[in-house]
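Structure, as structure tokens:
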Amino acid sequence: MSESNQEKVVKSIIDYLGGKENISNAWHCMTRLRFEIKDESLIEEENIKSIPEVMGAQNQNNQYQIIIGTEVESYFEVLASKLGISGAESSSNGNKGEKKSLITMFMDIVSGVFGPIVPAIAGAGMIKGLIAGFVALGVVSDESQTIQVLDMLASGVFTFLPFFIAASAAKIFKTNQYLAIAIAAAMQYPTMTDAAAAGNIDAFHIFGLIPIPVFNYAGNVIPIIFAVFVLSYVQRWVDKVLPKVFRTVFTPTFSLFIAGLIAFVVIGPIGIHLGRGLADVIAWLFDVSPILAGVVVGTIRPVAILTGLHHAMTPIALQNFSDQGYDMLMPMMFMANMAIAGATLAMYRKAKSQNERSIIVSSSFSAFLGITEPALFGVLTKYKRGLLAATIGSALASAFISAFGVRIYGYILSSIFSLPAYIGEYFIFAILGIIIAIVVAYIAATLLSKSNEKLEPTGAKTELREEELTAVAAGNYVAIDQVADEAFASKSLGDGYAIKPSKSEIFSPVSGEIKTVFPTKHAIGIETNSGLEVLIHMGIETVSLDGKPFEVLVKPGDVVDKKTQIATMDIEELEKNKIDTTTIVVVTNMEKVKSLPEATKQSYSAGEKIGDILPK
């Protein structure tokens with residue numbers, strides 16, 4: 001059976017990440033494959049980004065993120081199969097030997113917990129939006145059985161959200177899912193919820209001594225995350241101290257009892273107060289100035305999506321719904337998505353090809369539907385003015401709706417289809433906010449790019465100019481057509497020169513940025529400041545040596561010049577094994593080159609100028 005396209009894409013991704021052995025862990029959110037990588041120097045980022053199905057890739061918060069889009073789950077299924085992991089095994093814990101900052105660990109946990117349950121939350125939120133629209137328009141009475149049934153479908157997820165959180169968090173913390181759900185069930189048992197609703201007692205007392213504060217945990221997210229975290233340690237400890245013969249029965253018993261009591265007495269109350277504290281901080285910002293709050297949240301939102309930090313807003317919004325019955329953050333997320341859509345659409349007339357126009361249109365449409373990663377990673381990260389325009393539109397629209405107190409009463413995907421949820425007191429301001437976000441972002445992107453009709457992409461190279469070409473190592477010069485490798489000698493890979501090195505030190509032959517370090521360490525790719533792509537290939541037929549004779553001293557992203565030593569090659573080891581040490585330098589995009597310099601001498605010292613590369 002032939003490979004499917006998804007299998008081919010996943011196989012390429014694994015190869016370009018340095019192989020299966022270089023991947024500690026993998027999981028996904030709504031649009032991204034996320035990886036824990038052992039050796040980041042083995043990642044071939046340019047090759048990953050060249051895959052047509054990949055919308056972008058970046059290393060963020062000790063995660064390597066590859067943006068696939070809304071079909072990410074189907075790709076992950078193939079990936080999980082090839083890596084030999086399952087949904088339950090895939091988590092954000094990553095390589096336990098690697099120390100992470102608290103912020104990184106927090107973001108790993110949040111993205112890992114909420115990523116899998118977002119479809120349920122978003123689907124229920126959309127139904128809530130439709131209910132609000134039907135009632136506001138008078139299509140259906142809010143007391144009708146139709147609304148009651150729809151409300152059950154929509155509210156069930158949010159009322160019993162701790163169950164979903166528990167199941168998802170159990171995967172992250174690698175503990176038993178059903179014990180985690182059991183703790184969530186205990187925290188939402190009618191005895192607790194009825195006591196919280198009645199308000200006639202502040203706490204239960206176990207054994208007449210230990211107080212268990214009374215709270216309504218329905219819809220709360222922070223307490224159950226911490227409770228499952230504690231459960232993971234309790235279960236491992238109990239399993240360790242009990243004899244094997246007792247573990248089947250008594251490990252779950254003691255784990256549930258101990259972790260459950262800790263959750264009731266300590267974790268639950270702390271989580272409730274922490275959640276309320278986060279909500280209070282946001283409320284305080286609105287009290288200081290709703291406009292300032294809008295500007296701050298609207299400004300950081302596009303960048304937060306780029307870095308994956310936008311997940312941090314989800315628990316705050318959910319806590320707001322639980323504590324206040326409404327939230328003002330999600331409307332600003334809505335404005336940010338509309339601004340991203342508007343700025344992306346403005347790039348259409350700048351596109352140079354039909355394929356690029358198609359990407360822009362589809363990415364903009366996705367942003368209108370609430371999925372902004374294709375627009376951000378596929379379009380706006382290439383055009384820094386477009387990203388700035390989206391930020392301006394997001395900030396102004398968010399400030400506008402905040403000034404008029406626009407809020408929403410249930411979690412809903414920030415999509416143009418979520419408009420029915422705003423029907424009512426704030427509907428007109430929500431509509432005006434959308435118009436401001438789209439129009440301001442579109443106009444700003446157009447004006448900001450007007451001074452340069454070509455609209456240079458972010459990180460775009462300057463106009464081609466002469467580039468100095470230097471000796472990659474000390475040794476004798478060899479004409480490219482004389483090297484003992486037909487692929488290079490025929491110039492099918494590009495034109496250049498070679499050096500038979502007399503010393504082990506290998507230097508950069510041009511000034512530029514390291515783009516690629518091959519997994520086998522025998523080859524390094526550099527892109528010059530004017531866009532020339534230069535490949536350094538150490539030795540002939542050295543790819544099979546698995547990197548053993550080489551020590552690479554640079555990594556992708558490093559800036560180098562002729563004084564920069566980029567690698568060391570063990571010449572003695574290679575010669576002892578009768579391997580040709582000739583080191584080759586070729587320009588692979590020769591369509592940009594008018595002529596290369598010719599050697600003026602037989603031998604060169606490392607870094608010595610050979611001549612200038614003349615551009616077309």
Side-chain angles (χ1 to χ4, degrees), residues 1-29 31-60 62-69 71-86 89-90 94-95 98 377-378 485 487-488 492-494 513-527 533-539 541-552 554-558 566-567 586 588-589:
M1 182 182 293
S2 61
E3 282 187 317
S4 68
N5 184 60
Q6 289 181 338
E7 289 175 323
K8 292 177 182 178
V9 170
V10 168
K11 185 178 182 300
S12 296
I13 287 174
I14 292 173
D15 290 343
Y16 295 148
L17 287 175
K20 180 179 177 180
E21 299 76 16
N22 198 39
I23 301 173
S24 298
N25 203 0
W27 67 105
H28 73 93
C29 59
T31 56
R32 313 176 194 203
L33 294 172
R34 296 169 179 263
F35 298 89
E36 294 284 355
I37 300 297
K38 295 176 183 177
D39 185 353
E40 294 176 0
S41 68
L42 301 182
I43 298 174
E44 300 177 47
E45 187 163 294
E46 291 303 307
N47 287 334
I48 292 172
K49 290 181 176 179
S50 69
I51 299 172
E53 290 78 7
V54 171
M55 298 173 182
Q58 63 175 359
N59 199 330
Q60 187 68 41
N62 291 331
Q63 301 173 7
Y64 196 79
Q65 304 173 4
I66 298 178
I67 297 85
I68 297 294
E71 296 182 0
V72 67
E73 187 170 354
S74 60
Y75 282 89
F76 179 75
E77 290 176 0
V78 178
L79 177 72
S81 175
K82 289 188 178 296
L83 294 181
I85 61 176
S86 67
E89 293 168 338
S90 175
N95 188 352
E98 180 184 351
F377 289 95
D485 186 309
F488 287 107
S492 59
L493 298 176
E513 179 183 340
I514 300 295
K515 286 296 183 180
T516 306
V517 175
F518 283 67
T520 47
K521 301 180 183 179
H522 74 294
I524 298 172
I526 302 175
E527 187 172 3
E533 296 167 2
V534 179
L535 175 68
I536 299 94
H537 192 284
M538 294 176 278
E541 296 296 333
T542 50
V543 66
S544 61
L545 302 178
D546 200 28
K548 292 178 182 178
F550 310 108
E551 180 184 2
V552 177
V554 292
K555 62 181 183 302
D558 287 353
I566 59 175
V586 294
T588 58
N589 55 343

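- In this structure, K82 and E7 approach most closely via the heavy-atom pair CE-O, 3.9 Å.
- By the 4.5 Å heavy-atom criterion applied to side chains, L79 and F35 are counted as neighbours.
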I'd like to know whether V54 forms a side-chain contact (heavy atoms from CB on, under 4.5 Å) with I68, so could you lay out the CA-CA distance, the side-chain angles of the two residues, the decisive distance to 0.1 Å, and finally the verdict.
CA-CA 5 Å; V54 171; I68 297 294; 4.2 Å; yes

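- For the side-chain contact (heavy atoms from CB on, under 4.5 Å) test, residues two or more places apart in sequence or in another chain that qualify with E551 are L553, T568.
- Remark: S81 engages no residue in a side chain to side chain donor-acceptor pair (under 3.5 Å) (not counting sequence neighbours).
- For the pair P556 and S41, the tightest heavy-atom approach, listed with the atom from each and the gap, is CD-O, 4.4 Å.
- Using a 4.5 Å heavy-atom cutoff, the side chains of Y64 and I48 are in contact.
- L17 contributes atom CG, which lies 4.5 Å from atom CD1 of I37 (distance to the nearest 0.5 angstrom).
- I43 contributes atom CD1, which lies 7.0 Å from atom CG of N22 (distance to the nearest 0.5 angstrom).
- Every residue was checked against the salt bridge (charged side-chain N to carboxylate O under 4.0 Å, His left out) condition with D39, not counting sequence neighbours, and none meets it.
- For the pair S74 and Q6, the tightest heavy-atom approach, listed with the atom from each and the gap, is OG-NE2, 2.8 Å.
- If you take CG on L83 and CD1 on I14, they are separated by 4.5 Å, rounding to the nearest 0.5 Å.
- K555 meets the side-chain contact (heavy atoms from CB on, under 4.5 Å) test with D558; sequence neighbours excluded.
- Applying the ring pair (Phe, Tyr, Trp, His ring centres under 6.0 Å) rule to F518 yields the partners H522; only residues at least two apart in sequence or on another chain are considered.
- Distance check, rounded to the nearest 0.5 Å: CZ of R34 to CG of N25 gives 12.5 Å.
- Listed for the K38 side chain is a donor-acceptor partner under 3.5 Å among the backbone atoms of E21.
- Scanning for salt bridge (charged side-chain N to carboxylate O under 4.0 Å, His left out) contacts around E533 gives an empty result, with sequence neighbours left out.
- Between E36 atom CD and I23 atom CD1 the span is 11.5 Å, to the nearest 0.5 Å.
- Here the side chains of V586 and V534 are not in contact, with every heavy-atom distance at 4.5 Å or above.
- The CD1 atom of I524 sits 9.5 Å away from the CZ atom of F550 when rounded to the nearest 0.5 Å.
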